[in-house]
Amino acid sequence: MITNTELEHKGNLYPSGLISFEHDQDTINFITKNGVRLQITVLRDNMLRFRYSTNGIFENDFSYAVDEEHPHGFNQLKIEDTETHVLITTEKFKCKIAKDDLRVGMYELDGRPILEDELGFHWEESFEFGGNFVKMSKTSREQENFFGLGDKPTNFNLKGKRMSLWNTDQYAYGKDTVELYKAVPFYMGLHSNLSYGIFFDNTFKTHFDFCHERRNVTSFWADGGEMNYYFIYGPQMADVLTTYTDLTGKPELPPMWALGFHQCKWSYYPESKVKEITSKFRELDFPCDAIYLDIDYMDGFRCFTWNKEYFPDPKRMVKELENDGFKTVAIIDPGIKIDLNYSIFKEGLENDYFCRRADGPYMRGKVWPGECYFPDFTNPEVREWWSGLYRELIGEIGVKGVWNDMNEPAVMEVPGKTFPFDVRHDYDGHPCSHRKAHNVYGMQMAKATYEGVKRFNFPKRPFIITRANYSGGQRYTSTWTGDNIASWEHLWLANVQIQRLCMSGMSFAGSDIGGFAEQPSGELYTRWLQLGVFHPFCRVHSSGDHGEQEPWFFGEEVLDISRKYVELRYQLLPYLYTTFYKYVAEGVPILKPLVYHDQEDVQTHYRADEFIFGNHILVCPIQEPNVQGRRMYIPRGKWYNFWNDKPVSGGREMWVDAPLDTIPVFIKEGAIIPKYPVQQYVDEKKLEQISLDIYYKLGKENSEFYEDSHDGYEYRQGIFSLRTFKLTGKTDEIILQQHKSGKYSAPYTTFKLKFHGLPFQIKKAFFENEEVPLKELQFDKDENTMIVNKDFSEIHLVG
Ligand code: MIG
């Protein structure tokens, strides 16, 4: 019924020759003899949008993914009309449309091909569903590699893979599971050091084939809707990804506590158990910012209710937890129990907020509460209602974050594990079936949740985490990779999946550290946590069926090593926060896979173990038991081993020692890394001094340090501080220059500078060209540290 092979199908139809074309200031419309229309819009110098209609009639132009605020408005269209082609030229590249068959090619300004249609647009009519299966195939070039596509649990480089996007609850998924929780129909291609992106903004089930069916062809197609895609040109991956993230939007800054360590379990209850866990963290001096309540906190799994036996006074409990430095995050699922004594169910029913089957009855399905109806989150009125439901949970009880689960949507004990195709959705005024709305259902639930939590937590920032999502959903929520397994393979997968999400515009992501299903050994737990502290979202979670997963469960050694790493995360919070700021402001991914970091180096194209955390910290997890180290690739340039300051030159593989208490970490030369003191939770202490770890480089390097009040919205009024450091190293001299913008004034007045890798002994110090005695700076020549005023503008240290 659904043809998964775009090539061989006899029913494929194609555009015919061009009759004419017309254009306004940014859009060109092509009309062909058989009625196909192609509309190309130039959104930017490096981004074109393509829409095809097979009969001249376009659908309403509506997208959940595209950020309304994305920069657009192009007005310098350059078109040439030749005998065989129409040519569009921007500052960055050329697009050629063939007049005889409408095939499209994209070229560098010097003529080198970037991406060319193979069959190009074609389609197959579907009498059964109405509409078309819309298809596109492109020629793939020699040595081309592919990256992106959200949370797929497969090799980082997608070459040779075929994947489809249909949000699915996949308990204990495995390597190469084809459909997972999220649909991010965006990928990047890279060949000849040229990178481009394709964003296929189609919410039906979509398919991507990266040279799997045919060695030199890439194709993508959808089970309905329009062929509607964006071509984004680099040539750097960074240009492609930041443009995609501009188009589909960036999140707000999370509250800083959301970047701390989080502890979760299915489930901590009753209240005494929750308190036992949180007290233990404090007792053991193990930093932690958030504790999660999974489904058992509710009354019979009814959303927005509490089990009063387990949690007699949630408001008091939440307050007490907060006084102890813990934020409470509570789960909310989409299914609403069919129960006429349950006010939320009644409200939903009275207002007709639940999804219906094609013939009228409500969509009924079993989830945790038993038989449920499901709000239609694609209806703005329903979202508004849903946001309002958070009044008590957030506004009165004081829960600080919400965890949306099961929103693929998941349904138990039915074929397909989700809604049937015929279920109706509003789709923001474009009524459709579940075939079209399925992949955005979770995203729209998360959006409604985000709006509610934001409203009732204001002026503090909201924290949302969702399992299902669609492109653009990063504007509202963080995410995790769902029900993984406590196995070494899943540790490998977690590394790949989080890097992939970062390459797909969804940087705020983490895995269930230690594994959700089954139980990790102490060693696996340790290795996973060592990786997890370098993930944007850092949470231990597990299913209670399989035993305990708190850091103290595995004995003293694991506890101590785990604490060391969580402490390191807390020390690195200002660095991570700065990195997050770059993501929010510019769409720069929080983790940078090596290929993103250095695409010119072909060694990186098939690498996935190593990644760069932020801009300057290279990390490589240990993914095997019983090892004392591993071989890893060090990217080009010079790096310092974080653990012993030994310099290494990259562009090669090398052995790195990593006994159980060590994960390979390297710092890029020239980096300046801001560090906080260890705290048990964010803002536990008033900061009296910040450390700057300075890694010598012969040459220049820039670093940034962003700060604000860690929560609230004042940063949007300019109450932030952004410091740019310029380091210049010479053989016997190091110069630090600082430029500061923003109006935030941190509570501390000094930085403690610590120098690493200096090839000379500091003998003299000059501040803004005036010599200052080293004693005044409390210079410690063994440690190579000194204390300086945080607002210095230039420091020269001379050997
Ligand atoms: O059917 O809420 O992925 O994190 O603990 C299982 C119980 C439902 C699945 C989530 C998991 C969560 C669990 N949920």
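Numbers for residues simply follow the sequence, beginning at 1. Order of listing sets the numbers, starting from 1, for every ligand and every atom in it.
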Subject >> Atom indices of ligand 1 within 4.0 angstrom of I331 heavy atoms, with elements >> reply: 2 (O)
**OP:** Kindly confirm or rule out an N or O of D512 lying under 3.5 angstrom from an N or O of ligand 1.
**Re:** no
Original post:
Is the closest heavy-atom distance from Y181 to ligand 1 below 4.0 Å?
Top reply: no
Original post:
Please state which protein non-hydrogen atom is closest to atom 10 (C) of ligand 1 and give its distance, to 0.1 Å?
Top reply: D405 OD2, 3.1 Å
Original post:
Y476 vs Y450 aromatic rings, parallel, tilted or perpendicular, using cut-offs 30° and 60°?
Top reply: tilted
Original post:
Should H490 and F516 count as side-chain neighbours, where that means a heavy-atom distance under 4.5 Å?
Top reply: no
Original post:
Which atoms of ligand 1 are found less than 4.0 Å from any heavy atom of D483?
Top reply: 3 (O), 4 (O), 9 (C), 10 (C), 11 (C)
Subject >> W480: numbered ligand 1 atoms lying under 4.0 Å from its heavy atoms >> reply: 3 (O), 4 (O), 10 (C)
**OP:** Would you kindly specify which portion of Y171 sits under 4.0 Å from ligand 1, judged on non-hydrogen atoms: side chain, backbone, both or neither?
**Re:** neither
**OP:** Rounded to the nearest 0.5 Å, what's the gap from CD on E371 to CG on D339? Could you check?
**Re:** 13.0 Å
Original post:
Near W368, which atoms of ligand 1 are under 4.0 Å from a heavy atom of that residue?
Top reply: 1 (O), 6 (C), 8 (C)
Original post:
Under a 4.5 Å cut-off applied to non-hydrogen side-chain atoms, are Q263 and F281 in contact?
Top reply: yes
**OP:** Taking the side chain as every heavy atom from C-beta outward, state whether W368 and M406 have any atom pair closer than 4.5 Å.
**Re:** yes
Original post:
If we ignore angles and hydrogens, is there a donor and acceptor under 3.5 Å between the side chains of D201 and Y470?
Top reply: yes
Original post:
Under 4.0 Å from any heavy atom of R467, which atoms of ligand 1 are there?
Top reply: 3 (O), 9 (C), 10 (C)
Subject >> Single hit among E548, H541, Q549 for side-chain hydrogen bond (donor to acceptor under 3.5 Å, both in side chains) with K265 >> reply: E548
Original post:
Heavy-atom distance under 4.5 Å between the side chains of Y441 and V423, does that happen here?
Top reply: no
**OP:** Considering the heavy atoms of D294, write down every atom of ligand 1 situated less than 4.0 Å from one of them.
**Re:** 2 (O), 5 (O), 7 (C), 12 (C)
Subject >> Close-contact set for ligand 1 against M406 heavy atoms, below 4.0 Å >> reply: 1 (O), 8 (C)
**OP:** Examine the proximity of ligand 1 to Y292 and report which part, side chain or backbone, both or neither, has a heavy atom under 4.0 Å away.
**Re:** neither
Subject >> Which of the ligand 1 atoms, numbered from 1, are nearer than 4.0 Å to a heavy atom of H541 >> reply: 4 (O), 5 (O), 11 (C), 12 (C)
**OP:** Give me the ring orientation class for Y187 and F208: parallel if the planes are under 30° apart, tilted from 30 to 60°, perpendicular past 60°.
**Re:** perpendicular
